[in-house]
Engineer: 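Mind looking over this structure? Questions follow.
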Amino acid sequence: MANDGLQHTATDLEERGGLALPPAAELRGRFCIQPHPNPTPETEWKQVMSELKFGTRFSDHMAVATWTSGTGWHDRQVRPFGPIELSPAAAVLHYGQEVFEGLKAYRHADGSVWTFRPAFNAARFNASARRMGLPELPVEDFVGSIVSVVQADERFVPRDPGTSLYLRPFMFASEPFLGVRPAREITYMMIASPVGPYFANGLAPVSIWVTRKYHRAGPGGTGAAKTGGNYASSLLPQEVAAERGFDQVCFLDAATNSNLEELGGMNVFIVRSDGRVQTPRLTGTILEGGTRSAIIRMLRDHGTPVTEETIAIDRLIADIATGDVVEMFACGTAAVVTPIGHLASDDFDVKLPQTEFTQTVYDRLVSIQNGLAPDPYGWTYRIV
Ligand SMILES: *Cc1c(COP(=O)(O)O)cnc(C)c1O
């Protein structure tokens, strides 16, 4: 089918992620709040908020809910953040039956707190859950857990540009059972961590090692699900890339070992000298990023053609060498948008100098997230 790159057909996640949510005030009652008896003291809180890193400190509360086959979801609570009791026989520790999500709460200039496309993440959480033999969580519980924890821990939402409260919903097989089948007792949790920029040096370009030896996902596998196993399998290749002096590893498709897929936790985009933008097509082995989706939508609405394609690595390298490809960037919730300045593998080594386009994409997205530009898409959702 002819595609000028400007039409937009919503994916299943985009469609479900576009459904209207009840306001936060209606969702906050779903989780029973057990307030922290000793919240972080003022001086320690100041310390935490003044040296934000990624995912090292956590807010005072967490959400928990339990699913049991037959009963469904029950015991929804918000309680003090802390260790949980888990049987050493819990199935997740043996077979990795778990899924997770990552989104952020942003502080706007007027002090209000918002999150970005929570219904998209809720829909993806459930799509991942289905693939991993886990039960679906009602969207109202997913967003309700976020609302309850963020409202309880509002002071952990930082104010400076580039900072946010990172939200981590996750679900795992807590049933103590060593047999191999989907677990009959599941735990859902939501924890929050005040964060600064993911990469310490801002929009400085990263270097990428393209591995020809390892794959993160294969046809029919779990590549489209946000599950720990995909990350576990990316750790060794990431280490190999780091030993060679590269910041990140990029994976090719497992079927042909020749097409660009994504990084361990970020999608990739290519900018051509004629202004066209390309990104790998969702084949079932790539994770459908919310950042990827938002960027495609915004670019098309600004008149930039974006096509989702099979991108052969050899052709890409040749096109970088001739100057036909002028920029590349990676994107995801944690790091937002990161220019790729250097791409190498066993048989090539190329540099990508410009970052102007990437900077514009970053600015447009962050402005909507931070309430500095209008949100024509209804992506932002008010929590406080
Ligand atoms: C989470 C993730 C992304 C980025 O998704 P966002 O919704 O944009 O944060 C990309 N690739 C993988 C493998 C991921 O797990």
Side-chain angles (χ1 to χ4, degrees), residues 11-14 16-18 54-55 96 98-106 115-129 131-132 142 146 164-171 193 195 197-199 206 208 211 214-218 221-235 237-238 248-254 260-269 279-299 306 308 328-338 340 358 361-362 364-366 368-369 377 379-381:
T11 64
D12 183 48
L13 289 189
E14 286 170 338
R16 287 192 287 149
F54 186 85
E98 77 92 44
V99 295
F100 69 96
E101 267 305 323
L103 56 171
K104 286 172 168 175
Y106 308 87
T115 190
F116 191 70
R117 297 180 92 186
F120 179 94
N121 293 81
R124 189 172 67 186
F125 194 54
N126 284 335
S128 300
R131 178 62 185 87
M132 302 307 291
F142 183 91
I146 289 170
S164 58
L165 182 66
Y166 184 78
L167 307 169
R168 171 52 61 85
F170 58 109
M171 190 200 293
S193 168
V195 298
Y198 189 80
F199 292 119
V206 296
I208 305 266
T211 175
Y214 300 104
H215 298 283
R216 67 172 284 282
T222 59
K226 212 168 175 72
T227 184
N230 293 338
Y231 279 72
S233 79
S234 76
L235 298 177
Q238 172 65 37
Q248 294 281 316
V249 67
C250 179
F251 295 95
L252 302 176
D253 75 301
L260 189 68
E261 289 214 314
E262 60 171 322
L263 311 189
M266 296 176 89
N267 297 115
V268 290
F269 281 83
T279 190
R281 179 166 77 77
L282 300 173
T283 54
T285 54
I286 294 175
L287 198 286
E288 183 179 348
T291 317
R292 174 188 183 278
S293 149
I295 289 171
I296 293 175
R297 189 68 202 275
M298 286 191 303
L299 286 176
V306 185
E308 302 177 63
M328 280 182 71
F329 61 87
C331 68
T333 298
V336 194
V337 171
T338 302
I340 296 172
T358 305
V361 169
Y362 174 89
R364 274 192 200 143
L365 182 56
V366 165
I368 294 181
Q369 290 171 335
Y377 307 104
W379 284 339
T380 52
Y381 178 84

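Remember, it's a predicted structure, so these values are computed and weren't measured experimentally. When a ligand or atom number is given, it counts from 1 through the structure's own listing order.
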Engineer: Numbering the atoms of ligand 1 from 1, which are under 4.0 Å from a heavy atom of G289?
Structural biologist: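 Contacts of ligand 1 toward G289, numbered from 1: 5 (O), 6 (P), 7 (O), 8 (O).
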
Engineer: Using only heavy-atom distances, determine whether the side chains of T11 and E288 contain a donor-acceptor pair under 3.5 Å.
Structural biologist: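 Yes, a side-chain donor-acceptor pair sits under 3.5 Å.
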
Engineer: Going by atom types alone, do N267 and T279 pair a side-chain donor with an acceptor below 3.5 Å?
Structural biologist: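 Looking only at side-chain atoms, T279 and N267 do not form any donor-acceptor pair under 3.5 Å.
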
Engineer: Which heavy atom of the protein is the closest neighbour of atom 11 (N) of ligand 1, given with residue, atom name and distance?
Structural biologist: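 Answer, as residue, atom name and distance: E262 OE1, 2.5 Å.
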
Engineer: Run the numbers for me: atoms of ligand 1, each under 4.0 Å from some heavy atom of G332, listed by number.
Structural biologist: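 Here the atoms of ligand 1 in question are 4 (C), 8 (O), 9 (O).
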
Engineer: Any Lys/Arg nitrogen of R292 or E308 sitting under 4.0 Å from an Asp/Glu carboxylate oxygen of the other?
Structural biologist: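 Yes, this pair counts.
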
Engineer: Can you pull out the closest protein heavy atom to atom 8 (O) of ligand 1? Residue, atom name and distance to 0.1 Å, please.
Structural biologist: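 Minimum-distance protein heavy atom for atom 8 (O) of ligand 1 reads T291 OG1, 2.6 Å.
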
Engineer: In the structure I gave you, are the side-chain heavy atoms of V361 and L299 within less than 4.5 Å of one another anywhere?
Structural biologist: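 In contact.
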
Engineer: Tell me: protein heavy atom nearest atom 9 (O) of ligand 1, and distance?
Structural biologist: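 Its nearest protein heavy-atom neighbour is T333 OG1, 2.6 Å.
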
Engineer: About how many Å separate CZ of R216 and CD of E261, when rounded to the nearest 0.5 Å?
Structural biologist: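 Going from the CD atom of E261 to the CZ atom of R216 covers 7.5 Å.
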
Engineer: Taking the side chain as C-beta and beyond, is there a heavy-atom pair between F142 and E101 under 4.5 Å?
Structural biologist: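 Yes, at least one pair of side-chain atoms sits under 4.5 Å.
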
Engineer: So, 4.0 Å and heavy atoms of R124: is ligand 1 close enough to count as a contact?
Structural biologist: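 Yes, R124 has a heavy atom closer than 4.0 Å to ligand 1.
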
Engineer: Would you say the side chain of C331 lies within less than 4.5 Å of the side chain of F269, judging by non-hydrogen atoms?
Structural biologist: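 The answer is yes, as the side chains (C-beta and beyond) meet within the 4.5 Å cut-off.
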
Engineer: So, does S293 sit close enough to ligand 1 that a heavy atom of it is under 4.0 Å from the ligand?
Structural biologist: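 Judged by the 4.0 Å heavy-atom criterion, S293 does not count as contacting ligand 1.
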
Engineer: For residues F116 and Y381, establish whether the separation of their ring centroids is below 6.0 Å.
Structural biologist: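 Not under 6.0 Å, so no.
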
Engineer: Using a 3.5 Å cut-off on N or O atoms only, is L287 in polar contact with ligand 1?
Structural biologist: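 N/O-N/O distance under 3.5 Å: no.
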
Engineer: Can you tell me which residue and heavy atom of the protein come closest to atom 15 (O) of ligand 1, and the distance to 0.1 Å?
Structural biologist: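 I find the closest protein heavy atom is Y231 OH, 2.5 Å.
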
Engineer: Distance to 0.1 Å, residue and atom name: give those for the protein heavy atom nearest to atom 4 (C) of ligand 1.
Structural biologist: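 Checked against all protein heavy atoms, atom 4 (C) of ligand 1 sits closest to G265 O, 3.7 Å.
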
Engineer: Quick test: of every protein heavy atom, which one is nearest to atom 14 (C) of ligand 1, and how far off is it to 0.1 Å?
Structural biologist: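 Minimum-distance protein heavy atom for atom 14 (C) of ligand 1 reads K226 NZ, 3.0 Å.
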
Engineer: For ligand 1, is there an atom lying under 4.0 Å from some heavy atom of R216?
Structural biologist: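 Heavy atoms of R216 do come under 4.0 Å of ligand 1.
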
